[in-house]
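The structure appears right after this line, and notes come after that.
Chain letters run A, B, ... following the sequence lines, proteins first, then strands; residues in each count from 1. Note that the structure is predicted; figures quoted are calculated from it, not measured.
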Number of protein chains: 2
Amino acid sequence: MTVTAYQQAQRQGQGVVRDVILDAAKRLLVGEGPGALTVRRISAEVGCSTKVIYTLFGGKDGLSEALWLEGFARFERRLLEVPAHDDPLARLHEGLAAYRDYALSEPDYYRVMFQGAMPGFKAGEESVRVAKRTFDLLVRGVAACLEAGVLRGGTATEIADVLWMAMHGAVSLEISDFFDQGEAEQRYRLLCASVLTPFLASAEKDAS
Amino acid sequence: MTVTAYQQAQRQGQGVVRDVILDAAKRLLVGEGPGALTVRRISAEVGCSTKVIYTLFGGKDGLSEALWLEGFARFERRLLEVPAHDDPLARLHEGLAAYRDYALSEPDYYRVMFQGAMPGFKAGEESVRVAKRTFDLLVRGVAACLEAGVLRGGTATEIADVLWMAMHGAVSLEISDFFDQGEAEQRYRLLCASVLTPFLASAEKDAS
DNA sequence: AAAAGAAGGGTAACAGTGTTACCCGAGAGA
DNA sequence: TCTCTCGGGTAACACTGTTACCCTTCTTTT
């Protein structure tokens, strides 16, 4: 059962084709929204038949899963851009702002990731595990604050989850146009500050 | 241009048929999820041709809009079940719990209302206005707390919006299976308490 | 070296979707 | 009674995801 050179080349070739297809799908998602993600459209964009998508991704669900994970990968890349800081709390705040930034900069990806924008697709367990790892960054940011003593009153995962829920709610409603122009940003800041306040160690009552 | 008895009967008849169709759609949504909401399926359920849906609703979008508003109507009905209370803050807390209750009891409606579960459908401006009125209940609950002096530090709409964002985020992630079994309820309680704490007039630091 | 086997990929079909042009038939108005 | 308007059924259109069939190409075997 040796792997022949041909098989290797073939596999590499398939890998390249896979990337080309995935790139076309990403382009369609960002450019025209989830509605443009049809097997025929993507294969036409690439210049191959629909069959290729079935052999390489095992159907539309496989491609959807790849796109879903790509969304989290981009998300993580954006979160990693947040520079290190002396003050862990300031860094956490910048992370919270980066969360909204990403969602607003690529709302269709956000919809795919969190609002089931691809009808019929449901991420598998393994993918969910991978995707959730993105939030380890948030947990670590909270943990740093706990260690520095600027936050208290909960475990890192508890506080991180609470922050996540709040941010997701805000961003989710914003990209669904439930807020008026301009209102959203102020509300987001107020929400982040409010959620964090009860966990501040220096618990002055600050209502800004 | 008098309205004849026939026209009136006709219109009444159409109204009845409209309700029958809408009922079938509601049944399909609750019973089988948004995926079952196809024009053919609904008309088959009712026993008419697809054309009727087009004359009575002007296409699938019209029917979708009716379902969307129905979701908010049910939501409002659930929120109105929260009994009056001497303590406005206790009542507010029960309202927050009712929010999650509704979303968990009819997740497919919630998905339709807030996650765009009907592909291609986007609610019109007028419908959005009507839907948003549901949240007047929440604003009034917050306003009562402000008047009673148990909350402070923001306007009623500000605090209500912050609560809404937080609750929506929590519930939205929960029905999308991002939390483990049992975790969700505790997180929801922690979130509600956290968001509200900074606005409490009796600002003891209470981390429960 | 030639035949046999395996496998990727194109074509064209299937069943499903929303939508509509075309009809027919029933009631309104003359 | 004759016309005419209009609701509604049939059947088609252009889409969707998916797959059976076939051809080509490379590997393997004799």
Side-chain angles (χ1 to χ4, degrees), chain A residues 1-21 24-25 28-29 32-68 112 116-122, chain B residues 1-21 24-25 28-29 32-68 112 116-122:
Chain A
M1 255 318 190
T2 64
V3 176
T4 68
Y6 168 74
Q7 286 173 330
Q8 197 173 341
Q10 166 93 357
R11 216 165 284 174
Q12 278 182 12
Q14 286 197 341
V16 174
V17 174
R18 220 189 110 101
D19 287 347
V20 170
I21 290 174
L28 284 172
L29 174 60
E32 306 185 28
L37 292 174
T38 74
V39 177
R40 278 180 177 80
R41 183 73 196 282
I42 296 166
S43 53
E45 209 79 16
V46 175
C48 65
S49 80
T50 62
K51 188 74 188 307
V52 180
I53 292 179
Y54 284 84
T55 59
L56 293 184
F57 292 89
K60 200 195 179 185
D61 271 15
L63 202 152
S64 299
E65 190 140 38
L67 272 177
W68 194 73
V112 161
M118 304 169 123
F121 168 72
K122 182 88 172 54
Chain B
M1 253 326 190
T2 64
V3 176
T4 69
Y6 168 74
Q7 288 172 329
Q8 199 174 339
Q10 166 92 357
R11 216 164 286 173
Q12 278 182 11
Q14 287 198 340
V16 174
V17 174
R18 220 189 110 99
D19 288 346
V20 169
I21 291 175
L28 283 172
L29 175 59
E32 306 186 28
L37 291 175
T38 74
V39 176
R40 281 181 175 79
R41 182 74 196 279
I42 295 166
S43 53
E45 209 80 14
V46 175
C48 65
S49 81
T50 61
K51 189 73 186 306
V52 180
I53 291 179
Y54 284 84
T55 60
L56 293 183
F57 292 90
K60 200 196 179 184
D61 270 14
L63 202 153
S64 298
E65 189 139 38
L67 272 177
W68 194 73
V112 163
M118 306 170 120
F121 169 71
K122 180 87 174 53

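- Nucleotide D/dG8 holds its C1' atom 11 Å from the CD1 atom of B/Ile21, rounded to whole Å.
- The nearest whole Å value for the distance from the CD1 atom in B/Ile53 to the P atom in D/dG9 is 11 Å.
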Strictly under 3.5 Å: I want the nitrogen or oxygen pairs between protein and nucleotides 14-16 of chain D, one per line.
{"from": "D/dT16", "atom 1": "OP1", "to": "A/Thr38", "atom 2": "OG1", "distance (Å)": "3.2"}

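- The CZ atom of B/Arg41 sits 15.5 Å away from atom OG1 of B/Thr50, with the distance rounded to the nearest 0.5 Å.
- Taking all atoms of both residues into account, the shortest heavy-atom contact from A/Ala117 to A/Pro34 is O-CB, 3.7 Å.
- Of the possible polar contacts, one joining the A/Lys60 side chain to the A/Leu37 backbone as a donor-acceptor pair under 3.5 Å is found.
- Annotation for A/Phe57 and A/Ala66: closest pair CE2-CB, 4.2 Å, computed over non-hydrogen atoms.
- Ranked by how close their nearest DNA chain C nucleotide is to the 5' end, A/Val52 and B/Gly58 are led by A/Val52.
- Using a 4.5 Å heavy-atom cutoff, the side chains of B/Ser49 and B/Ser43 are not in contact.
- Put simply, CZ on A/Arg40 and CD1 on A/Ile42 are 12.0 Å apart, with the number rounded to the nearest 0.5 Å.
- Using a 4.0 Å cut-off, some side-chain N or O of B/Thr55 falls inside it from OP1 or OP2 of D/dG8.
- We find that CZ of B/Phe57 is positioned 14 Å from P of C/dG18, with the value rounded to whole Å.
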Per-nucleotide pairing state of DNA chain D [Watson-Crick or G-U, under 3.5 Å; [ ] pseudoknot-crossing; | other strand]: ||||||||||||||||||||||||||||||
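- Residue B/Arg18 holds its CZ atom at 8.0 Å from CG of B/Leu63, rounded to the nearest 0.5 Å.
- In this entry the distance linking CG of A/Asp61 with P of D/dT18 reads 7 Å, nearest Å.
- Between B/Leu67 atom CG and B/Phe121 atom CZ the span is 9.0 Å, to the nearest 0.5 Å.
- One interatomic measurement links the two molecules: OH of A/Tyr54 to C1' of D/dT18, which rounds to 5 Å at whole-angstrom precision.
- If you take CG of B/Leu63 and P of C/dT19, they are 10 Å apart, rounded to a whole angstrom.
- The heavy-atom pair separating A/Val39 from A/Tyr54 by the smallest distance is CG1-CE1, 3.9 Å.
- Closest to the side chain of A/Lys51, out of D/dG8, C/dG9, D/dA11, is C/dG9.
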